Novice: 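One structure, pasted below without further comment.
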2 protein chains.
Amino acid sequence: MNAASRSVSVKDVAARAGVSLGTVSNVLNRPDRVSDPTRVKVETAMRELGFVRNESARQLRAGHSRVVAYVVLDAANPFFTDVAQGVELSAGLADLWLFICNSNNDAERERAYLDLLQQQRVQGILITPVDPDAEHLREVAGRGTPLVVVDRTQQGLDLCSVAVDDVLGGRLAVEHLIDRGHTQVAFIGGPLSIGQVRDRWQGAQQAWADAGLPPESLHLITTSALTVVEGRGAGERLSGLPSRRRPMAAFCANDLLALGLLQQTIGSGRRVPDDLAIVGYDDIEFASAAAVPLTSVRQPRHELGRTATELVIDEATNPAHTHTQVTFTPELIARTSTLG
Amino acid sequence: MNAASRSVSVKDVAARAGVSLGTVSNVLNRPDRVSDPTRVKVETAMRELGFVRNESARQLRAGHSRVVAYVVLDAANPFFTDVAQGVELSAGLADLWLFICNSNNDAERERAYLDLLQQQRVQGILITPVDPDAEHLREVAGRGTPLVVVDRTQQGLDLCSVAVDDVLGGRLAVEHLIDRGHTQVAFIGGPLSIGQVRDRWQGAQQAWADAGLPPESLHLITTSALTVVEGRGAGERLSGLPSRRRPMAAFCANDLLALGLLQQTIGSGRRVPDDLAIVGYDDIEFASAAAVPLTSVRQPRHELGRTATELVIDEATNPAHTHTQVTFTPELIARTSTLG
DNA sequence: TTGTAGGCGTTATCAC
DNA sequence: GTGATAACGCCTACAA
């Protein structure tokens, strides 16, 4: 068990087994070239010494690792863990292991993780970036580590990306509310520095304009994060409005906000959807599990992860790889929170 | 940006800058020993070539990495991502980076990740294991990689662990229900192969016996996983019981189950807590955000992560380290789902 | 202040 | 079937 052993190397194993170092290596990598008795001797020595292959040394020689990493914006948001599940599945098929890193919406941390991962020479990086146009994303790819942007489209064509059409998603949500007869709607989300929020807001505005409704009746309520707590806060601000001017419907930029809003609304004695209709975004599992099942815009989360992984593997292994921007189509899932 | 460059090494940088290899290394590691103009020359060369330090080579020499890993049971369960947040925070203080790995409750995958992480020579491993008594956990520690078990206590004293007293948690939940006058209670959870579930069930039984209530009025409803979907299923089974024998209260082994149960209950027209009182476990953020705020047993999640990290760092750096088993105390948070 | 040499652990090549 | 040797990229003594 050798608890204190600095680190047992092939050399130690060779000495213990009374063979040369090359033979040990053969046992590890081409067992068929080794005679049975020798192999057994070596394997025994490995077990006795508690030998563990040193991945750094292997990798130094091989030039690449068996790992892909997914840098998420917020590990506590089920949306990202669902995407990660899709990644993990297809990574496994290619014999790759997944490390999840959490940038926590912090550009500094994101950058630090990217640096670390490049230095580790991971096979590829998937990332939902704080800012998809940041220069350092391009630099990563330029320096040889395949990188795919997840859940954001790319302006240029110099990176792979996998995304869902957030503008369309915003449209779907608001068109649904318009169909339900609403003429006063609040868009709740923020900060607007988050591209996903901007796009959904834009889609909302487009749908509003297309329906010929006056812009001032589509209210923008900005939040400082996409969390349950912020959703509750937004609910309080909404309650504070004079009832004449208070929207009877809200479209939230994600489900966490929507769940917070839902809770605050019900908690303060109003009813969903009678007093307030709510549409969320992402259709995380908790959306349908909310006590008033939440209407939400569904994104193909697993698909997103799967496709991103395939792209990053292609970029890593296919010399003829060309950067591709994949866009999926969102889908509105109507439930009680708008249907009554 | 040198897209194709196999890999730019210090040697390349030295050549480009017209200095020796050692100088480049000095610029990287002891910049003060280098004259300003030389430094600038070297830095320029690095930028122009897109140089990225090779972590494998560094690590091969240094003998250890700057990474800790947390192998979670279920990345989609907010409980674990909250623990991970605590880990991340204190790891950052020690200049360590966190990789999250998802075993997905699969012993095989868990083992594979452990192998990989050992081979990577990570600074330490935190793990919420499928089976805390598995031999391979001990082997990891025995081979020199510090390992701390999170959210499970250890039988032996040969591993560090950080846990919450689940038996006590189970007691608290059921005592609360007894206090509220319930004499027919369902325990919902499973599979019982999960230690956390076993302990909470045991605590529930203890509280029940201590109150002098007959064992047959504490119903065990087992599930095949601790998920929202399973919670809904359990709700259906509960509804199926003849109303005379149907418990008026349920204690769920975690909040995901409880949320599923809550949804199914409300969805089928019954009321919480009037028709069914519900207690969850973990007090994840969604618990208080549920439309009927959920009574739940709170575990100090960040604390758990923080302490585990401190232990693993101590094990990695302090020669006088002794294995420690830390147990935290859970706390019942009473909310509407039992208080009405 | 700068340059040179050796070694970290693994693997592949090439004699034996 | 086996054993010596060089190389991967970096870092740190040590020498100049």
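Just so it is clear, the structure is predicted and the values come from calculations on it, not from any experiment. Chain identifiers are assigned alphabetically (A, B, ...) following the order of the sequence lines, protein sequences preceding nucleic acid strands; residue numbering begins at 1 within each chain.
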Novice: Just to confirm, is there a sub-4.0 Å distance from OP1 or OP2 of D/dG3 to any side-chain nitrogen or oxygen of A/S20?
Specialist: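 Yes, within the criterion.
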Novice: NA contact type, A/R39, heavy-atom cut-off 4.0 Å: base, sugar-phosphate, or nothing?
Specialist: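 Result for A/R39 = nothing.
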Novice: May I ask you to check whether A/S56 and B/Q59 show a side-chain donor-acceptor distance below 3.5 Å?
Specialist: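 Judged by distance alone, the side chains do pair up.
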Novice: NA contact type, A/D32, heavy-atom cut-off 4.0 Å: base, sugar-phosphate, or nothing?
Specialist: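 Sugar-phosphate only.
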Novice: Please state how far atom CZ in A/R58 lies from atom C1' in C/dC8, giving the value in whole angstrom units.
Specialist: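 About 17 Å, once rounded to whole Å.
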Novice: Would you mind reading off the distance between B/L28 atom CG and C/dG3 atom C1', rounded to a whole angstrom?
Specialist: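 Answer to the nearest Å: 16 Å.
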Novice: Any base atoms under 4.0 Å from B/R61, or only sugar-phosphate, or nothing? Heavy atoms, all strands.
Specialist: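 Here B/R61 touches the bases of the nucleic acid.
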Novice: Between D/dC11 and B/N29, is there an OP1 or OP2 to side-chain N/O distance shorter than 4.0 Å?
Specialist: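 Checking D/dC11 against B/N29, a side-chain N or O does come within under 4.0 Å of OP1 or OP2.
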Novice: Quick one: is B/S56 getting a side-chain N or O under 4.0 Å of the D/dG9 phosphate, OP1 or OP2?
Specialist: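 Looking at the OP1 and OP2 atoms of D/dG9, neither is under 4.0 Å from any side-chain N or O of B/S56.
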Novice: In whole angstrom, what separates A/M46's CE from C/dG9's C1'?
Specialist: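 Rounded to the whole Å, the gap is 15 Å.
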Novice: For a side chain to side chain donor-acceptor pair (under 3.5 Å) with B/S7, tell me which candidate from A/H64, A/R121, A/R143 qualifies.
Specialist: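 Of all the options given, the one that passes is A/R121.
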Novice: Could you state the atom-to-atom distance from CG of B/N54 to C1' of D/dC8 in whole Å?
Specialist: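 The distance from CG of B/N54 to C1' of D/dC8 comes to 8 Å, rounded to the nearest Å.
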Novice: Heavy-atom nearest nucleotide on DNA chain D for B/L60 versus A/R33: which residue maps closer to 5'?
Specialist: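 Its nearest nucleotide lies further toward 5', so the answer is A/R33.
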Novice: I need the CZ-P distance between B/R30 and C/dG3, as an integer number of Å.
Specialist: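 Answer to the nearest Å: 14 Å.
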Novice: Under 4.0 Å between a side-chain N or O of B/R53 and OP1 or OP2 of D/dC11?
Specialist: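 Yes, within the criterion.
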Novice: Round to the nearest Å and state the distance from B/E55 atom CD to C/dC8 atom C1'.
Specialist: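 It is 14 Å, rounded to the nearest whole Å.
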Novice: Do any side-chain nitrogens or oxygens of B/S35 fall under 4.0 Å of OP1 or OP2 in C/dT1?
Specialist: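 For B/S35, the contact criterion (side-chain N or O under 4.0 Å from OP1 or OP2 of C/dT1) is not met.
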Novice: Among D/dG9, C/dT10, C/dT2, which nucleotide has an atom closest to any side-chain atom of B/N26?
Specialist: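 Selected nucleotide (nearest to the side chain): C/dT2.
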Novice: At under 4.0 Å, does any side-chain N or O of B/S7 touch on OP1 or OP2 of D/dG9?
Specialist: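 No, no such contact exists.
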Novice: What is the distance from CD of A/Q119 to P of D/dC10, rounded to the nearest Å?
Specialist: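 Whole-Å distance recorded here is 10 Å.
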Novice: Of B/T23 and A/L21, whose closest DNA chain C nucleotide lies nearer the 5' terminus?
Specialist: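 The residue whose closest nucleotide sits nearer the 5' end is B/T23.
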Novice: Indicate yes or no for a side-chain donor-acceptor contact from A/E110 to the backbone of A/V130 under 3.5 Å, with no hydrogens or angles considered.
Specialist: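 Checked: pair present.
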Novice: Salt bridge check: are B/R306 and B/E303 linked by an N-O gap of less than 4.0 Å?
Specialist: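 Salt bridge present between B/R306 and B/E303.
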Novice: In whole angstrom, give the distance that lies between atom NZ of B/K11 and atom C1' of C/dA5.
Specialist: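 Nearest whole value for this atom pair: 13 Å.
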Novice: For the atom pair CG (B/D106) and CG (B/D74), what is the distance rounded to the nearest 0.5 Å?
Specialist: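 It is 12.5 Å, given to the nearest 0.5 Å.
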